[in-house]
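Letters go in sequence order (proteins before strands), and every chain restarts at 1.
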Amino acid sequence: MSGVPHPDYEVVIGLEVHAQLRTRSKLFSPAPVSYGLPPNHSVHPVCLALPGVLPVLNRRAVELAIRAAVATHCTVHPHSVFARKNYFYPDLPKGYQISQYEEPIATGGWLDVPVPDGDATRISRVRLHRIHMEEDAGKSIHDPAVVGSDATHVDLNRAGVPLLEIVTEPDLRSPVEAVAYLRTLRSVLRYVEVSDADMERGNFRCDANISLRLHGAEELGTRTELKNLNSFRSIEAAIEAEIERQADVLDSGGRVQQATMAYDPATGRTRVLRLKENADDYRYFPDPDLVPLVIPSDAIEGVRASLPELAEARCERFQVEFGLGEGDARILTESRPLADFFEAAAREHGAGQSVANWILRDLLRALKEREIEVDGSELSPRAFARLIGLVDEGVTTVKAARELVPHLVESGGDPEVLIRERGLEAVSDTDLIGRAVEEVIAEHPADVESYRGGEKKILNFLMGRVMQRTGGKADPGATRALLARRLDGEEGV
Amino acid sequence: MSGPLGTLSELRDALDAGELTSSALVAASLERAATLGASLGAFIRLREPEARAEAEAADARRRAGRVLSPLDGIPIAIKDNLVRAGEVTTCASRILEDFVSPYSAGVVERLDAAGAIVVGRTNMDEFAMGSSSEHSIFGAVRNPWDSTRTPGGSSGGSAVAVAAGIVPVSIGSDTGGSIRQPASFCGVVGLKPTYGRVSRWGLVAYASSLDQIGAFGRSAADVATVLEVIAGHDPRDSTSLPEPSPPCVEALEADLSGRVVGLPREYFVEDGMAPEVRTAVRAAVAELEAAGAKILEVSLPHSEFAVAAYYLIATAEASSNLARYDGVRYGHRASGVSDLSDLYDRSRSEGFGDEVKRRIVLGTYVLSAGYYDAYYRKAQQVRTLLRRDFDRAFSSCDVIATPTAPELPFRLGERAADPLRMYLGDVYTVSANLAGLPGVSIPCGLADGVPVGLQLLAAPLEEAKLLGVAAAYQRQSDHHRARPPEEA
């Protein structure tokens, strides 16, 4: 069923993303935002909701929220209000979450999302309903293996961490489109340095609202909400599974019930967590401990002026400026550090496509193997450009240069010095190459016969032997020419 | 020394003159707290060893010529809803009976920095909910003028501690009259400052948009001295005003000539108040006029909605503020619970008293889907209208004079079965909280052997003007010098 639109029904998907804002301290508490600390080691009386504590809004979080809103073409409101969402749960220390309800910080934006469509890519505009700020809850730990009994333990390190909730209109029409939107949103949030948007660390989480309706129908079908989707793969699979489930219900004459659903990757199916018979009553009201958030218009304009060029614009510019194909440009602009690296190296080297090829073929693999981003590597754009230049100049071989990339990523250094130290200069000494050719021909008489008998492909095998004998330092072009000449009948050298 | 302590200014003069040491003063205060204070139910806990040690340090400072403030070495009492690091803060509730705070309230820090010596934590209505100081797990507080009557509430213990001469000044909190009404019932001065004047950091919340910390004393000058110490901006409270502590004490010398005192026509209607209250308040207004003030009738047309709006907003906020007492992290936790829901139900059922439960239930209802617009939103609209009423009134007068309470202190237990009647007793005080205004209650005579209070209200941040009028009145009258009879 994967990704194929259902023949009878139109799929309607709206997404809610919770992205953790990149701040040092929590949204309303001076406690640091941490990752991986022992339970309850990053807490303050405010996080614990001790009697008498009061929230104070983190200014940095507001700046980041404005950045995100401007980058997604939302209207930032000069006046917004924090509200209390009241419910009891052990990992919600105050008995309410401070969020925004009637008056969020921003509404009404959009993102242009490149959606894979066969071999091509089409742009789909996804409208954003609203963006609001809220605090995260803590974590309940039920696992007996961790807790040591059947008790539930509560870790409040995460309680109060600043989140941005970004809600789309129900504009998405397929799981593929949903994932494409999420990738674009993640890229934007990273570009503007609002969020690390790292799904594995839980700082980019997604809930999906899904409904089906007959093609051409005006009214939306009854929706279900898929909770806690934590990887792009699981999001796509979960939405597909839920579409199938709803289609089956409708096909058999049933009605979809409003419910919160969970996806089980083991079975590949969704199941009902709880039915929403009545709307939950969270008794929202403006938090009287906080004053309305007032954002002067010049602050919004200041943020707008300071925003970096975003991926979409940069992708287009790279195609024009460096003559890249759209696919290459898109990969190179997916993350801002990579785009910065490419641009710097391309300017240094002069030939953008060549630099792009080296990045796409060699650098990305070396980074992936080490699970780092380019800004976490020791390789500078200048050194990278120089390395490619050394190949262009024939100072070293492609093979030797490729082998140097992982080392440069890990330890940095000057490519020229490294090539000299490691003896990786290209060998163009014809005597040396000639000797190797003679030896290989002498050692493989049968293969030489076959070649001469018409099996020209054997040249590659013999070529490999010669390269091996020269330790990969021989200039491949010169070697191949010499070998071919020798085999094609020129007796002796 | 077994008699009542003098006023703050008297005690300070004695300390300055070397006629008295802080150690002796604090010892006398503690002794009186342990005897008379105990019989009146005024205190929840005395800081017996700590206060004595702090007094010795204050004496040493004074000998070295390093007096920190006008409160240095002065015994003071604080309401048991202000936290202090390492000490128990109960709010007179079982749910916090053993709660030790790891941090101190902003006000407590300021008192410490000023050298004031907290001798004890005073009894109160549980979570400051009540007008009688009867709703306490530590038992009711009694009125020192007549121990069969209520001292008012919720800051009854703090009012009694001053009225009974145990301390010269004390700290309370006022959400709908919880300083001014007990001040009135106990014959002392009680000031509720402008909302945001005094940091709420470390004040256990009842209703966040209404709660304000203030002071009790025997004179306008004494509460002005305390206000100067405790007021001022605190970045830990987002609703704290940026203005620095107001210089009030200097302004107290001004006379009343040119001052306009407004009398809201809606407050002085037939049957609005007990005849004894009317008589005393009318007499006080006449004294203000005689002292040079101009009396002007003003109108606060939305006053009739104030009590309703107050009980909607206060209970709504309380229902949310008290959700944190869930038995999970601290405070009372029921034993032998079967599951999470049982943990919540029983911990809270056992931990809260009836009045607190009543307000949580009311507030939960007020905020519920389908009722929010009819109740909470409407109450906020009333609040806006009330603010406008006061803005308009203060364009033609400097202060507004009203009774503090519509009646004399009622008998203990009398209102237990009739909460609505108790709520209606807040009719004159709640408007100041809804509008964020400063208000003060000052003694204006006795009736039936118990005190009557005159309430003065001023525009936001006009504490100096407000206390100036109160001080001028007190230069003309002796009502604030009256002392309750000493028990045999």
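- Both the backbone and the side chain of B/Asn321 come within contact range of chain A, each with at least one heavy atom under 4.5 Å from a heavy atom of that chain.
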Steps toward salt bridge (charged side-chain N to carboxylate O under 4.0 Å, His left out) verdict (B/Asp174, B/Lys192): CA-CA 6 Å; B/Asp174 188 317; B/Lys192 179 203 97 75; 6.0 Å; no

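- Heavy atoms closer than 4.5 Å to chain A are found in the backbone of B/Ala316, but not in its side chain.
- In this structure, the side chain of A/Gln258 does not engage the main chain of A/Leu275 through any donor-acceptor pair within 3.5 Å.
- Of all residues spanning residues 342-350 of chain B, those with a heavy atom less than 4.5 Å away from chain A's heavy atoms are B/Tyr344, B/Arg348, arranged by number.
- Proximity to chain A (any heavy atom under 4.5 Å) is shown, for B/Ala105, by neither the backbone nor the side chain.
- Ranked by heavy-atom pairs under 4.5 Å with chain B, the list A/Leu50, A/Leu92, A/Asp287 is led by A/Leu50.
- Only the side chain of B/Tyr325 comes within contact range of chain A, with heavy atoms under 4.5 Å apart.
- Contact of A/Tyr284 with chain B is made through the backbone alone, with heavy-atom distances under 4.5 Å.
- Within the 4.5 angstrom heavy-atom criterion, only side-chain atoms of A/Pro45, from C-beta onward, approach chain B.
- When heavy atoms are compared at a cutoff of 4.5 Å, A/Asn86 approaches chain B solely by way of its side chain, counted from C-beta outward.
- When all heavy atoms of B/Ser154 and B/Ser173 are compared, the pair lying nearest together is OG-O, 4.4 Å.
- The shortest heavy-atom contact between B/Ser238 and A/Leu290 is OG-CD2, 3.8 Å.
- Interface remark: B/Ile313 contributes no atoms to any contact with chain A (heavy atom separation under 4.5 Å).
- Most heavy-atom pairs under 4.5 Å with chain A: of the set B/Ser368, B/Pro102, B/Ala205, this distinction falls to B/Ser368.
- When each of B/Asn123, B/Thr90, B/Asp80 is checked for a side-chain hydrogen bond (donor to acceptor under 3.5 Å, both in side chains) with B/Ser136, only B/Asn123 meets the rule.
- Closest approach of A/Cys47 to A/Pro93, counting heavy atoms only: O-CG, 3.2 Å.
- In this structure, A/His79 and A/Pro292 approach most closely via the heavy-atom pair NE2-CB, 3.3 Å.
- Taking both residues in full, the closest heavy atoms of B/Asp125 and B/Ala92 are given as C-CB, 4.5 Å, listed atom of the first, atom of the second, then distance.
- With a threshold of 4.5 angstrom between heavy atoms, B/Ser320 approaches chain A through its backbone and through its side chain.
- If you measure heavy-atom distances from B/Thr364 to chain A, the contacts under 4.5 Å come from both the backbone and the side chain.
- Heavy atoms of A/Pro55 lying under 4.5 Å from chain B belong exclusively to its backbone.
- Only the side chain of A/Tyr96 comes within less than 4.5 Å of a heavy atom of chain B; its backbone N, CA, C and O stay farther away.
- Both the backbone and the side chain of B/Arg200 come within contact range of chain A, each with at least one heavy atom under 4.5 Å from a heavy atom of that chain.
- When heavy atoms are compared at a cutoff of 4.5 Å, B/Leu322 does not approach chain A at all.
- Across B/Ala369, B/Pro235, B/Ser209, the residue that shares the most heavy-atom pairs under 4.5 angstrom with chain A is B/Ala369.
- Looking at A/Ser99 and A/Lys85, their side chains never bring a donor and an acceptor atom within 3.5 Å of each other.
- Using bins of under 30°, 30° to 60° and over 60° for the plane-to-plane angle, the ring pair B/Tyr330/B/Phe99 lands in the tilted bin.
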Salt bridge (charged side-chain N to carboxylate O under 4.0 Å, His left out) between A/Asp91 and A/Lys139, worked out: CA-CA 6 Å; A/Asp91 59 24; A/Lys139 204 162 70 180; over 6 Å; no

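- With sequence neighbours excluded, the residues forming a side-chain contact (heavy atoms from CB on, under 4.5 Å) with A/Glu16 are A/Glu165, A/Val167, A/Asp207, A/Asn209, A/Glu225, listed by chain and number.
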Verdict with reasoning, A/Thr260 to A/Val272, per side chain to side chain contact (heavy atoms under 4.5 Å, CB included): CA-CA 6 Å; A/Thr260 303; A/Val272 173; over 6 Å; no

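- For B/Val204, the parts lying near chain A are the backbone and the side chain together; criterion is any non-hydrogen pair under 4.5 Å.
- For A/Phe285 and B/Tyr372, the distance between ring centers is not under 6.0 angstrom.
- Here the shortest heavy-atom pairing between B/Ile171 and B/Ser158 reads O-OG, 2.8 Å.
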